[in-house]
Amino acid sequence: MAIEKCIDEFEVDEIIFEEGSTGRELFVVLDGRVDIAKVNGAGKTVIVTLGKGEFFGEMAVIDGSSRSATAIAAAPGTRVMRINHARFVYLVSQQPAFALMVMDALSKRLRASNAVNFGTGNP
């Protein structure tokens, strides 16, 4: 598959995916910013804002579970690259550094969540 077919562009406030939806893709921010948020009615609580080079959606690509939050473009011309499950497995098997990078990010995100929710440790 050509890399161009894996790149999507979004404008401010466009939803990339919604909490509760299913998907087996990880996303990498190429340009712009993405808010990862909990949305309730007309309001939203931004958990984190990600920028160029950062990724999101890793939990669903790993375990196939539904999305735990909503991803929303936070800057004009936000571009993201989709990495499907098969490509993710290939990258992990061929590039151990990629696997370590994903594990490091998951660990940091879990520690930050624990700090916020349970007051444990430093994020």
Side-chain angles (χ1 to χ4, degrees):
M1 177 186 306
I3 196 76
E4 298 81 27
K5 292 182 180 179
C6 297
I7 297 173
D8 297 312
E9 187 167 332
F10 298 90
E11 294 306 319
V12 176
D13 291 331
E14 278 191 84
I15 294 175
I16 299 167
F17 61 70
E18 291 184 289
E19 179 178 356
S21 64
T22 57
R24 295 285 293 202
E25 296 171 313
L26 162 85
F27 296 83
V28 179
V29 181
L30 300 177
D31 293 301
R33 293 185 316 277
V34 175
D35 285 340
I36 304 300
K38 290 289 198 173
V39 177
N40 53 349
K44 74 176 177 180
T45 301
V46 176
I47 299 166
V48 66
T49 300
L50 304 172
K52 186 175 183 174
E54 295 183 289
F55 60 88
F56 58 99
E58 69 282 354
M59 291 192 311
V61 81
I62 291 169
D63 66 10
S65 61
S66 59
R67 304 289 186 182
S68 62
T70 299
I72 307 164
T78 293
R79 293 182 338 123
V80 298
M81 179 173 54
R82 289 177 280 110
I83 299 175
N84 67 23
H85 180 73
R87 188 173 301 242
F88 175 79
V89 169
Y90 176 79
L91 285 170
V92 166
S93 69
Q94 298 299 310
Q95 299 291 327
F98 174 76
L100 288 171
M101 180 184 70
V102 171
M103 287 187 281
D104 181 64
L106 282 169
S107 177
K108 287 177 180 169
R109 291 173 185 178
L110 180 58
R111 287 183 189 279
S113 176
N114 284 344
V116 168
N117 293 317
F118 305 110
T120 59
N122 294 325

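Computed from a predicted structure; not experimentally measured.
For the atom pair CZ (Phe27) and CD1 (Ile83), the distance works out to 10.0 Å, reported to the nearest 0.5 Å. Atom CZ of Phe17 is separated from atom CD1 of Ile36 by 5.0 Å, given to the nearest 0.5 angstrom.
Within the 4.5 Å cutoff, side-chain heavy atoms of Leu106 are placed close to those of Met59.
Partners of Leu30 under the side-chain contact (heavy atoms from CB on, under 4.5 Å) rule, at least two apart in sequence or in another chain, are Ile7, Arg79, Met81. Residues satisfying the side-chain contact (heavy atoms from CB on, under 4.5 Å) test with Gln95, not counting sequence neighbours, are Phe98. Scanning for salt bridge (charged side-chain N to carboxylate O under 4.0 Å, His left out) contacts around Arg109 gives Glu58, with sequence neighbours left out. Residues passing the salt bridge (charged side-chain N to carboxylate O under 4.0 Å, His left out) test with Asp104 are Lys108, sequence neighbours excluded. Residues passing the side chain to side chain donor-acceptor pair (under 3.5 Å) test with Asp63, sequence neighbours excluded: Ser65. With sequence neighbours excluded, the residues that form a side-chain contact (heavy atoms from CB on, under 4.5 Å) with Ala60 are Arg67. Scored by the side chain to side chain donor-acceptor pair (under 3.5 Å) test, Glu14 finds no partners at all (sequence neighbours excluded).
Arg33 contributes a side-chain N or O that, together with a main-chain N or O of Ala74, makes up a donor-acceptor pair within less than 3.5 Å. Distance alone, capped at 3.5 Å, places no donor-acceptor pair between the Glu25 side chain and the Val61 backbone. For Arg82 (side chain) and Lys5 (main-chain N/O), a donor-acceptor pair under 3.5 Å exists by modelled atom type.
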Val34 and Ile16: CA distance, side-chain angles, deciding distance, side-chain contact (heavy atoms from CB on, under 4.5 Å) verdict = CA-CA 9 Å; Val34 175; Ile16 299 167; 3.8 Å; yes
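Test Leu26, Val92, Val102 against Ile62 for side chain to side chain contact (heavy atoms under 4.5 Å, CB included) and you get one pass: Val102.
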Ignoring hydrogens and angles, write down the donor-acceptor pairs under 3.5 Å from the side chains of residues 39-56, residues two or more places apart or on other chains.
from, atom 1, to, atom 2, distance (Å)
Thr49, OG1, Asp35, OD1, 2.7
Glu54, OE1, Gly51, N, 2.6

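Within the structure, ring pair (Phe, Tyr, Trp, His ring centres under 6.0 Å) pairs that include any residue of residues 28-47 do not occur (at least two apart or interchain). Legend: salt bridge (Lys or Arg N to Asp or Glu O under 4.0 Å) pairs involving residues 93-102, not counting sequence neighbours: none detected.
Heavy-atom minimum distance, Ala75 versus Gly32: CB-CA, 4.0 Å.
Side-chain heavy-atom separations under 4.5 angstrom define the hydrophobic clusters, and the remaining members of the one that includes Met103 are Leu100.
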